[in-house]
J.: 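Below you'll find the structure I mean.
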Amino acid sequence: MRIAAVQMVSSTSFEHNLQRAEALVREAAAAGAKLVALPENFAFMGRADTDKFEIAEAPGAGPAQRLMAGLAAELSVWLIAGSLPLRTGDPTRLTNSCLVYGPDGAPVARYDKIHLFRYDEPGEGAPRRYDEGAVLVAGDAPQSFLADDGERQWRVGLSICYDLRFPELYRALMHPPCELIAVPSAFTYTTGRAHWELLLRARAVENQCYVIAPAQGGLHDNSRRTWGHTMIVDPWGEVLAQQPEQEGVVTAVLDPARLDEVRRRLPCLEHRRLR
Ligand SMILES: NC(=O)CCC(=O)C(=O)O
C-alpha cells in the first residue's frame, strides 16, 4: 500500500488551512496513496493556546470534519486527519484529537493526545512557553484501527507529536502489534533539530514497524517556527522519504515482506520479558 505524509505550514487562517489541506490530500491521492496523513494542528496554528477555542468543533460536526470525511470518500483513501481541537463537556477545555476516516468517508477512529506538551523555549529575552495543559484535557487510551488495502489489513496505531517521547505508549500499541504508527506532529524548531529523527527511528526500530510522521515545517504567521522533516521510516529504521521544510507530500510503499522479514530475522518483540 502506498502511503503519503503531508507537510504544512499552517497559519492563523482556518479557511486558508482547510484549502491547503484539501489541495495536498488531493495531490497525495493523485500520487497513488491509499492512506494519507495530515500534521498536528493542520487546520489552525494560533498565536496563543486559547485561540484554539475560536475554531474548535464539536465531535462529529463542523467544516473541518465535513471536509475530511468528504475527501476520504471522494478520493477513496484512509485519511488520518492529523489533529483538530475538539470541544468537551467543559467549556474551558478542549481535546487535541486525531480523527480517522475510512475510504467510504465514515469515521473509524478517534485518538485524544495523551501527553500534553510543555516547554520553555530558549531564545532572546524571556523563554517562550508552550503549555498545552493550560487549555487541553489529556486523553487516556491508546487507539488503533485496521486499514484494508484490498490485499491485506494493516493495524495502524495513533499518537500525536509530544507522545513520541513516551515509548510506553507505543509498547501499548503492540498488543496486538501495529504494523504502522502515525505521529502527526508540530515539533518546535529547537527540539525537532535535536530529537525528531532520533525518536522516530527509535520508535520504528524498537517496535519493528513502519512510522508515518507528517509535520508542520516552516515559519508560521504566528511567528513560531516548526522543524518539519516529515518522514516515513521503515521497520529497520531506514528513512524512506522526507520533506525537510515547507509544504509538500512524500510517499512510500508499505511492504509486507519487509515487515515480516525484519520481525522474523530479529524477533525482539517476542523476546520481551517485562510486559
Ligand atoms: N506539539 C507538540 O507536542 C510539540 C512537541 C515537541 O516539539 C517536542 O519536542 O516534543
Side-chain angles (χ1 to χ4, degrees), residues 5-12 17 21 37-53 55-56 64 80-86 93-99 110-123 127-140 142-143 157-170 173 181-204 206 211-231 233 242-245:
V6 171
Q7 184 155 292
M8 294 180 67
V9 190
S10 297
S11 69
T12 51
N17 297 330
L38 288 165
E40 185 184 32
N41 297 328
F42 70 92
F44 187 68
M45 293 279 280
R47 291 179 205 286
D49 283 313
T50 46
D51 292 351
K52 291 191 174 88
F53 285 98
I55 61 98
I80 300 178
S83 81
L84 278 172
L86 293 183
R93 294 276 151 180
L94 302 170
T95 56
N96 185 352
S97 302
C98 176
L99 302 173
R110 167 181 170 172
Y111 167 71
D112 295 341
K113 187 176 188 178
I114 292 177
H115 304 97
L116 302 183
F117 186 50
R118 223 215 75 186
Y119 175 53
D120 292 330
E121 188 171 45
R128 173 177 232 165
R129 172 157 290 195
Y130 292 78
D131 188 7
E132 286 190 313
V135 293
L136 298 182
V137 60
D140 59 7
Q143 297 291 343
L158 300 173
S159 62
I160 302 176
C161 201
Y162 185 53
D163 282 332
L164 184 58
R165 295 182 181 276
F166 300 85
E168 61 273 20
L169 170 61
Y170 301 91
L173 288 170
I181 281 172
V183 197
S185 296
F187 254 57
T188 71
Y189 187 85
T190 51
T191 58
R193 188 171 52 181
H195 301 148
W196 171 248
E197 180 173 344
L198 175 73
L199 289 167
L200 288 174
R201 295 179 66 196
R203 297 294 87 86
E206 73 199 1
V211 171
I212 183 167
Q216 296 281 351
L219 188 59
H220 302 261
D221 69 349
N222 64 6
S223 84
R224 292 194 173 173
R225 191 167 176 202
T226 46
W227 175 242
H229 292 75
T230 283
M231 229 172 248
V233 185
Q242 76 169 297
Q243 164 92 14
E245 275 191 310

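Counting convention: from 1, in listed order, for ligands and their atoms alike. Heads up: numbering here begins at 1 and tracks the sequence.
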J.: Indicate yes or no: does Glu121 engage Arg224 in a salt bridge with an N to O separation below 4.0 Å.
T.: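 So Glu121 does not pair with Arg224 through a salt bridge.
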J.: Check if His195 has a non-hydrogen atom at a distance under 4.0 Å from any atom of ligand 1.
T.: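 For ligand 1, residue contact (heavy atoms, under 4.0 Å) with His195 is absent.
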J.: Which heavy atom of the protein is the closest neighbour of atom 10 (O) of ligand 1, given with residue, atom name and distance?
T.: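 Atom 10 (O) of ligand 1 sits closest to the protein heavy atom Arg165 NE, 2.7 Å.
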J.: Which heavy atom of the protein is the closest neighbour of atom 4 (C) of ligand 1, given with residue, atom name and distance?
T.: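 Checking every protein heavy atom, the shortest distance to atom 4 (C) of ligand 1 gives Cys161 SG, 3.1 Å.
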J.: For the pair Leu164 and Arg203, evaluate side-chain contact (heavy atoms from CB on, under 4.5 Å) and give the outcome as yes or no after the intermediate values.
T.: CA-CA 8 Å; Leu164 184 58; Arg203 297 294 87 86; 3.4 Å; yes
J.: Answer yes when Asp131 and Arg118 have at least one side-chain N-carboxylate O distance shorter than 4.0 Å, and no when they do not.
T.: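 Answer for the salt bridge query: no.
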J.: Which bit of Phe117 gets closer than 4.0 Å to ligand 1, counting heavy atoms only: side chain, backbone, both or neither?
T.: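 Under 4.0 Å from ligand 1, Phe117 contributes side-chain atoms alone.
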J.: Would you call Asp163-Arg165 a salt bridge at under 4.0 Å N-O?
T.: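 Salt bridge flag = no for Arg165 with Asp163.
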J.: Any idea which protein heavy atom is nearest atom 1 (N) of ligand 1, and the distance to it?
T.: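 The closest one turns out to be Glu40 OE1, 2.9 Å.
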J.: Looking only at protein heavy atoms, identify the closest one to atom 3 (O) of ligand 1 and say how far it is in Å.
T.: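 Answer, as residue, atom name and distance: Lys113 NZ, 2.7 Å.
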J.: Need the ligand 1 atom indices (1-based, order shown) with element for anything under 4.0 Å from a heavy-atom of Ala186.
T.: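 Numbered from 1, ligand 1 contributes 1 (N), 4 (C).
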J.: As a quick check of understanding, evaluate ring-ring contact (aromatic ring centres under 6.0 Å, His included) for Tyr162 and Phe166, giving each step before the final call.
T.: CA-CA 8 Å; Tyr162 185 53; Phe166 300 85; 5.2 Å; yes
J.: Looking at Asp49, Ile55, Asn96, Thr95, which hits side chain to side chain contact (heavy atoms under 4.5 Å, CB included) with Pro85?
T.: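 Of the listed options, the one satisfying the test is Ile55.
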J.: Atoms of ligand 1 less than 4.0 Å from Thr191 heavy atoms?
T.: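 Here the atoms of ligand 1 in question are 6 (C), 7 (O), 8 (C), 9 (O).
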